[in-house]
Amino acid sequence: MTIPTPTRPAKKAPVSRPAIKASSNPFDDLIDTRTTQGKFLMLYGEAGEGKTSLAAQFPSPLFVVTSGEQGIFLLKQRSVVSQNLPVIALDELFPHEFIPQGTGHPGWKKCMETLEMFRDDDHPYQTLVIDSVSGLQDLCFQHCASQLFDGDMDSEAFTGWFRGYSKAAEAFWSAEFLPIILSIVARGLNVVLVAHQDYKQVENPSGPDFNRFQPALQKGIWNFTKKDLHGVFYLGREVMVVIDKKTKKKSTTGDRRFIGLAPSTYYIAKTWCTPEGITELECGESAAASWSVLKEALGM
């Protein structure tokens, strides 16, 4: 039996590239030269600290409101904000036993449709406010349960190891909601998320444990969101207390309202869009006064 002699494949001719002139840049066709960029921000804090009224001060806002959030309606009723400020109300949550199978949640779908219109259509608005993002995540959970878990949020398939919540964060929040938000911001428009406040106990090796305030968001959703936000701002209040030397009784002498821009021991915050070295801003006596201070820090 004769073994054929192996043959080497013919060498391919080297790919010829046009000569690059010394003054040209081979990356010219790839470099993104956009200079317009909106702001993607989150405001969070205790109820009544002025998150909604501050968000309403942003340029030409359009509000998307989840069920149960009454702040913007009360502000309009009291004429604190313009009666003409537009508000889009999302559908209520379903009782768990009535979550539909396969169709998704109409409130979530309405929100996604609104985001796409805000991005793609011509309109007079410059800022989209979602009040609250804590309420929107609940719609996301029910939407995920409807689409992927036969509408059952109470089954082991959904609750076990937090699978349903993790899947909602991955398949809908990260893959659907955030990309639309970022494309809105890329158009030079602003997105402001209003969040409720939660806290996490921090272990202190050198003293008593303490609570650190943070946005009231599920872990997976918060982890996806915080990396894209340009700023997470905490609306806080510091109460002044004095102690009587004789009676040892404590009494308050006033308070100080502030906007936290950078992380501290007692609250989570971050900023990519304010001057270095500024960690807190003093709130004014009104939402307009507070916005004046924040606006300057944001360079808007």
Side-chain angles (χ1 to χ4, degrees), residues 40 42 44 47 51-52 55 61-74 85-121 123 125 128-185 191-198 215-226 228-229:
F40 182 26
M42 177 181 288
Y44 82 100
K51 303 181 296 294
T52 299
L62 169 71
F63 268 68
V64 175
V65 179
T66 56
S67 177
E69 297 295 341
Q70 298 299 310
I72 193 62
F73 300 109
L74 294 174
L85 190 152
V87 178
I88 297 173
L90 302 182
D91 304 66
E92 296 181 358
L93 292 168
F94 291 111
H96 278 202
E97 62 269 26
F98 295 118
I99 296 174
Q101 296 184 24
T103 60
H105 195 290
W108 176 261
K109 293 192 289 186
K110 185 177 182 179
C111 183
M112 296 306 105
E113 179 183 356
T114 301
L115 295 179
E116 291 175 350
M117 292 174 63
F118 193 86
R119 178 192 63 192
D120 299 334
D121 296 354
H123 53 74
Y125 310 113
L128 179 77
V129 179
I130 298 180
D131 188 2
S132 73
V133 70
S134 305
L136 184 62
Q137 76 169 355
D138 292 333
L139 292 179
C140 183
F141 295 149
Q142 290 204 351
H143 183 75
C144 177
S146 174
Q147 294 274 44
L148 304 180
F149 294 87
D150 296 324
D152 191 350
M153 283 188 69
D154 299 317
S155 67
E156 177 65 20
F158 190 94
T159 61
W161 297 97
F162 298 98
R163 278 186 294 266
Y165 300 100
S166 299
K167 192 63 178 178
E170 176 186 343
F172 298 103
W173 197 271
S174 177
E176 186 174 341
F177 173 68
L178 288 175
I180 302 177
I181 294 292
L182 295 178
S183 63
I184 290 172
V185 173
V191 177
V192 177
L193 307 179
V194 176
H196 297 161
Q197 173 181 291
D198 198 358
L217 292 173
Q218 184 265 350
K219 181 179 179 181
I221 283 180
W222 171 236
N223 286 338
F224 281 123
T225 307
K226 66 181 179 182
D228 290 328
L229 284 160

Original post:
Any idea which heavy atoms bring Tyr125 and Pro61 closest together, and the distance?
Top reply: CD2-O, 4.0 Å

Subject >> Stepwise side-chain contact (heavy atoms from CB on, under 4.5 Å) check, Gln197 with Lys51 >> reply: CA-CA 11 Å; Gln197 173 181 291; Lys51 303 181 296 294; over 6 Å; no

**OP:** State which residues pass side chain to side chain donor-acceptor pair (under 3.5 Å) with Thr66; sequence neighbours excluded, sorted by chain then number.
**Re:** none

**OP:** Taking side chain to side chain donor-acceptor pair (under 3.5 Å) as the test, write out the residues that go with Gln142, two or more places apart.
**Re:** none

**OP:** Return the set of residues passing side chain to side chain donor-acceptor pair (under 3.5 Å) with His123 (not counting sequence neighbours), or none when no residue passes.
**Re:** none

**OP:** For His105 and Glu92, indicate whether the former's side chain and the latter's backbone hold a donor-acceptor pair under 3.5 Å.
**Re:** yes

**OP:** Locate the shortest heavy-atom distance separating Cys140 from Ala168; write the atom from each residue and the value.
**Re:** SG-O, 3.7 Å

**OP:** Measure the CE-CD distance between Met153 and Glu97 for me, rounded to the nearest 0.5 Å.
**Re:** 12.0 Å

Original post:
With no hydrogens and no angle check, is any side-chain donor or acceptor of Asp152 less than 3.5 Å from a backbone partner on Asp154?
Top reply: yes

Subject >> Listed partners of Phe158 passing ring pair (Phe, Tyr, Trp, His ring centres under 6.0 Å), at least two apart >> reply: Phe149, Tyr165

**OP:** First locate atom NZ of Lys219, then atom CH2 of Trp222, and finally report the distance between them rounded to the nearest 0.5 Å.
**Re:** 13.5 Å

**OP:** Give a yes or no on whether Glu116 atom CD has more than 12 heavy-atom contacts from other residues, nucleotides or ligands under 6.0 Å away.
**Re:** yes

Original post:
If you measure from SG on Cys111 to CG on Asp91, what distance do you get to the nearest 0.5 Å?
Top reply: 11.0 Å

**OP:** Keeping the roles fixed (side chain from Lys110, backbone from Ala89), state whether a donor-acceptor pair exists under 3.5 Å.
**Re:** yes

Original post:
Between the side chains of Ser166 and Trp161, is a donor N or O closer than 3.5 angstrom to an acceptor N or O?
Top reply: no

Original post:
Measuring from Leu128:CG to Phe63:CZ, what's the distance to the nearest 0.5 Å?
Top reply: 9.5 Å

Original post:
What pairs with Ser183 under side chain to side chain donor-acceptor pair (under 3.5 Å), at least two apart in sequence or on another chain?
Top reply: Arg119

Original post:
Are the side chain of Ser174 and the backbone of Ala169 linked by a donor-acceptor contact shorter than 3.5 Å?
Top reply: no

**OP:** For Phe172, check ring pair (Phe, Tyr, Trp, His ring centres under 6.0 Å) against everything at least two apart and list the hits.
**Re:** His143

Original post:
Around Glu113, counting heavy atoms of other residues, nucleotides and ligands shown, do more than 12 lie under 6.0 Å from its CD?
Top reply: no

Subject >> Validation row: Phe141, Ile221 side chains within 4.5 angstrom (heavy atoms) >> reply: yes

**OP:** May I ask you to decide if Gln137's main-chain N or O and Gln218's side chain share a donor-acceptor pair within less than 3.5 Å?
**Re:** no

Original post:
Looking at Val194 and Ala55, what are the two nearest heavy atoms and their distance?
Top reply: CG2-CB, 4.1 Å

Original post:
Would Ile72 and Val65 count as a side-chain contact (heavy atoms from CB on, under 4.5 Å) if you check the C-alpha gap in whole Å, the side-chain angles of each, and the deciding distance to 0.1 Å?
Top reply: CA-CA 8 Å; Ile72 193 62; Val65 179; 3.8 Å; yes

Subject >> Test log, rule side-chain contact (heavy atoms from CB on, under 4.5 Å), inputs Val129 and Leu62 >> reply: CA-CA 6 Å; Val129 179; Leu62 169 71; over 6 Å; no

Original post:
At their closest point, which heavy atom of Phe40 faces which heavy atom of Asp228, and how far apart are they?
Top reply: CD2-O, 3.4 Å

Original post:
Nearest heavy-atom pair of Leu136 and Leu90: which atoms, and what distance?
Top reply: CD1-CD1, 4.1 Å

Original post:
Val133 and Leu217: which non-hydrogen atoms are nearest, and at how many Å?
Top reply: O-CD2, 3.9 Å

Subject >> Interatomic spacing from CZ in Phe177 to CG in Leu193 - rounded to 0.5 Å >> reply: 5.5 Å

Original post:
About how many Å separate OG of Ser134 and CG of Asp198, when rounded to the nearest 0.5 Å?
Top reply: 8.5 Å

**OP:** Using atom types as modelled and distance alone, determine if a side-chain donor or acceptor of Ser146 lies under 3.5 Å from a backbone N or O of Pro100.
**Re:** yes

